[in-house]
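See structure below.
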Amino acid sequence: MKERILDDIKNRRTEVAVIGLGYVGLPLAVEFARSGFPVIGIEIDERKARSINEGKSYVEDISDEELREVVQRGLLKATTDYSKVKDADAIIITVPTPLSKTKDPDLSYIMAAVESIKPHLKKGHIIVLESTTYPGTTDEVVKPELEKTGLKVGRDIFLAFSPERINPGDKKWKFKNTPKVLGGVDPESTEVAAALYSEVLDHLHVVSSAKVAETAKLLENTFRAINIALVNELAIMCNLLDIDVWEVIDAAATKPFGFMKFTPGPGIGGHCIPIDPLYLSWKLKTLNYNARMIEVASEINTNMPRYVVGRIQDILNDMEKSVKGSTILVVGVAYKKDVSDTRESPALDVIALLEEKGARVDYHDPFVPSITIGEKEYSSVELSKEKVKGYDLVVITTDHSSIDWKMLRDSARVIFDTKNVYREPSPNVIKL
Ligand SMILES: NC(=O)c1ccc[n+]([C@@H]2O[C@H](COP(=O)([O-])OP(=O)(O)OC[C@H]3O[C@@H](n4cnc5c(N)ncnc54)[C@H](O)[C@@H]3O)[C@@H](O)[C@H]2O)c1
């Protein structure tokens, strides 16, 4: 059976089902299709499935043209119908892995996807989990569920984990040219899954187990979370020392070895950096180990919006104003520049905290026309000279490229710049 599967992969006869067509799943589905594999996308959101079939992309990294190219060639179709899984040969799961209200891993999306796949499983199926998760999920949670069908992993079906590294908005590093890690739950699974991915990727790094692959992903994002926490705390310390943190970081970054530049900001956001490290620390809690570095980093990063609001309070105080009753414009609600994703965005916390203190808050974001925070709905206001002049304070939380920063600086009374947009000193700009 294995020889036939490998031959099908080589000859593009392997039909690939991608479960969950979001920021990760859609680019992956398009890349497999572009490489000549027939792809069926299974997406519970009917509007997304329809949009794909109409060649309209809702993910910035994929243009309508790129999508239409594979849809029109009949290589990519989307559906809400899980029964299509039985016609597929490989199943790649890219559903969300958020945290629960109590900040524990929420595997309900993975489990729902696995439950929906089960009735359609057949001999020879290759299943690859891509959703970021804690070490052991593939072996200890997914594998036993799949084996309830009577099919045995490594003999009848194949199971692997391959973490996703996509960096939304990145023009250089895409799905195809970013090296990818993959590990199966047994050598047979590793071999078959690696053969499939090798056809599509420029470089695949195969590891000895799914657990290693799961943990490698968590190391990557924990590394980021901890380093961002370090520079966020440095920003707080530099403010107390009356030193420009940005100048300090630029100076340190001239060291050609042993230093990697990270920059502070109003907190961390997105579906990965604030969440993934907590998957690792949660797993360690089950083994009575407290992952202290992760806990401290998470605490520092989570507190940044509160720190930003504290600084705003001080700035207004110097202007003999209180937060209550002040008009504040928040520039940028997406969690990073040039994307529309607002998941876990610290700007939302900044807005909520300012509102709680009685400020009247508007926002501007060219990528996010409207947003709901708590019970309140907001629409992005236009960024004109007259409008900007009317606010007591402007706070920059996302440094989108398309914003007219000069006009903003020339029109605003006071700007609190948490992103170092203004590198040159200016009397009305105060930096984090
Ligand atoms: N966004 C990123 O930059 C990024 C990067 C690396 C890894 N990841 C990881 O990839 C995974 C997916 O993240 P994402 O950002 O693509 O999420 P997303 O919310 O953009 O996409 C997930 C999609 O899955 C669909 N879905 C949910 N349950 C489903 C089900 N049972 N069946 C079919 N479809 C279902 C949703 O409707 C949605 O369209 C997560 O584990 C995340 O941590 C994300």
Side-chain angles (χ1 to χ4, degrees), residues 23-24 96-107 130-137 163-170 173 178 181 211-238 245-246 248-249 252-253 258-287 289-308 332 334-337 339 341-350 397-399 418-420 432:
Y23 288 94
V24 166
T97 41
L99 292 171
S100 69
K101 281 212 163 60
T102 51
K103 304 244 176 216
D104 293 333
D106 173 4
L107 294 193
E130 288 230 4
S131 305
T132 308
T133 185
Y134 58 79
T137 307
E164 183 54 58
R165 282 175 166 164
I166 203 151
N167 182 22
D170 197 320
W173 296 107
T178 305
V181 172
K211 275 185 188 170
V212 169
E214 288 162 338
T215 314
K217 172 70 191 177
L218 297 181
L219 167 62
E220 290 164 24
N221 282 352
T222 301
F223 172 84
R224 284 189 67 73
I226 287 178
N227 279 287
I228 294 168
L230 176 64
V231 286
N232 277 338
E233 191 170 45
L234 185 74
I236 296 170
M237 295 191 291
C238 280
V245 68
W246 306 95
V248 171
I249 293 169
F259 184 82
M260 189 182 276
K261 184 175 172 179
F262 284 85
T263 49
I268 50 173
H271 186 39
C272 297
I273 314 291
I275 293 172
D276 301 354
L278 300 182
Y279 267 69
L280 186 55
S281 60
W282 176 88
K283 178 67 184 178
L284 269 303
K285 269 184 206 138
T286 67
L287 302 169
Y289 183 84
N290 181 21
R292 285 159 293 171
M293 300 272 283
I294 293 177
E295 299 296 340
V296 171
S298 173
E299 189 190 314
I300 293 170
N301 290 330
T302 310
N303 262 315
M304 283 311 285
R306 205 166 279 282
Y307 174 74
V308 165
Y335 83 91
K336 71 170 182 178
K337 76 189 285 183
V339 302
D341 194 349
T342 59
R343 289 178 294 177
E344 315 289 326
S345 174
L348 309 187
D349 292 332
V350 170
T397 36
T398 318
D399 50 346
T418 72
K419 299 299 290 183
N420 198 26
L432 182 72

Check: Would one find more than 12 heavy atoms of other residues, nucleotides or ligands at under 6.0 Å from atom CZ of R224?
Finding: no

Check: Quick check: are there more than 12 heavy atoms from other residues, nucleotides or ligands sitting under 6.0 Å from CE of M293?
Finding: no

Item checked: Carboxylate-amine/guanidinium proximity below 4.0 Å for R292 and E299 -> no

Notebook entry, point to check: About how many Å separate CG of D106 and NZ of K101, when rounded to the nearest 0.5 Å?
Noted result: 10.5 Å

Next item on the list: Indicate yes or no: at least one non-hydrogen side-chain atom of W246 is less than 4.5 angstrom from one of L432.
Entry: yes

Margin query: Using a 3.5 Å distance criterion without hydrogens, assess whether the side chain of D170 forms a donor-acceptor pair with backbone atoms of W173.
Written below: yes

Note to self: Can a donor-acceptor pair be found, under 3.5 Å and without considering hydrogens, that links the side chain of S281 to the backbone of A291?
What the structure shows: no

Next item on the list: Consider only side-chain N and O atoms of N227 and K261, and report whether a donor and an acceptor are under 3.5 Å apart.
Entry: no

Next item on the list: Scan side-chain atoms only and decide if S131 and T133 contain a donor-acceptor pair under the 3.5 Å cut-off.
Entry: no

Item checked: Flag, side chain of T137 to backbone of Y134, donor-acceptor distance under 3.5 Å -> yes

Next item on the list: Take E344 and H271 through the test side chain to side chain contact (heavy atoms under 4.5 Å, CB included) and record every step on the way to the result.
Entry: CA-CA 7 Å; E344 315 289 326; H271 186 39; 5.8 Å; no

Margin query: I'd like to check L280 versus P135 (side-chain heavy atoms, cut-off strictly below 4.5 Å). Are they in contact?
Written below: yes

Notebook entry, point to check: Side chain of T215, backbone of K211: donor and acceptor closer than 3.5 Å?
Noted result: yes

Checklist line | Check: K336 side chain, P168 main-chain N or O, donor-acceptor pair, under 3.5 Å | finding: yes

Item checked: Given L230, N232, I249, I228, the one that forms side-chain contact (heavy atoms from CB on, under 4.5 Å) with F262 -> I228

Notebook entry, point to check: What's the verdict on side chain to side chain contact (heavy atoms under 4.5 Å, CB included) for E295 and N290, showing C-alpha distance, side-chain angles and the deciding distance?
Noted result: CA-CA 8 Å; E295 299 296 340; N290 181 21; 3.7 Å; yes

Next item on the list: Take K217 and D276 through the side chain to side chain contact (heavy atoms under 4.5 Å, CB included) test and state the conclusion after the steps.
Entry: CA-CA 8 Å; K217 172 70 191 177; D276 301 354; 4.0 Å; yes

Margin query: When you measure from the side chain of N301 to the backbone of P274, do you find a donor-acceptor pair of N or O atoms at a distance under 3.5 Å?
Written below: no

Note to self: One pair to check against side chain to side chain contact (heavy atoms under 4.5 Å, CB included): T263 and V231. What are the steps and the verdict?
What the structure shows: CA-CA 6 Å; T263 49; V231 286; 5.6 Å; no

Note to self: Keeping T97 on the side-chain end and T132 on the backbone end, is there a donor-acceptor pair under 3.5 Å?
What the structure shows: yes

Note to self: Nearest 0.5 angstrom please: L218 CG to L278 CG, how far?
What the structure shows: 10.5 Å

Notebook entry, point to check: Is there a donor-acceptor pair closer than 3.5 Å between any side-chain N or O of Y279 and the backbone N or O of D104?
Noted result: no

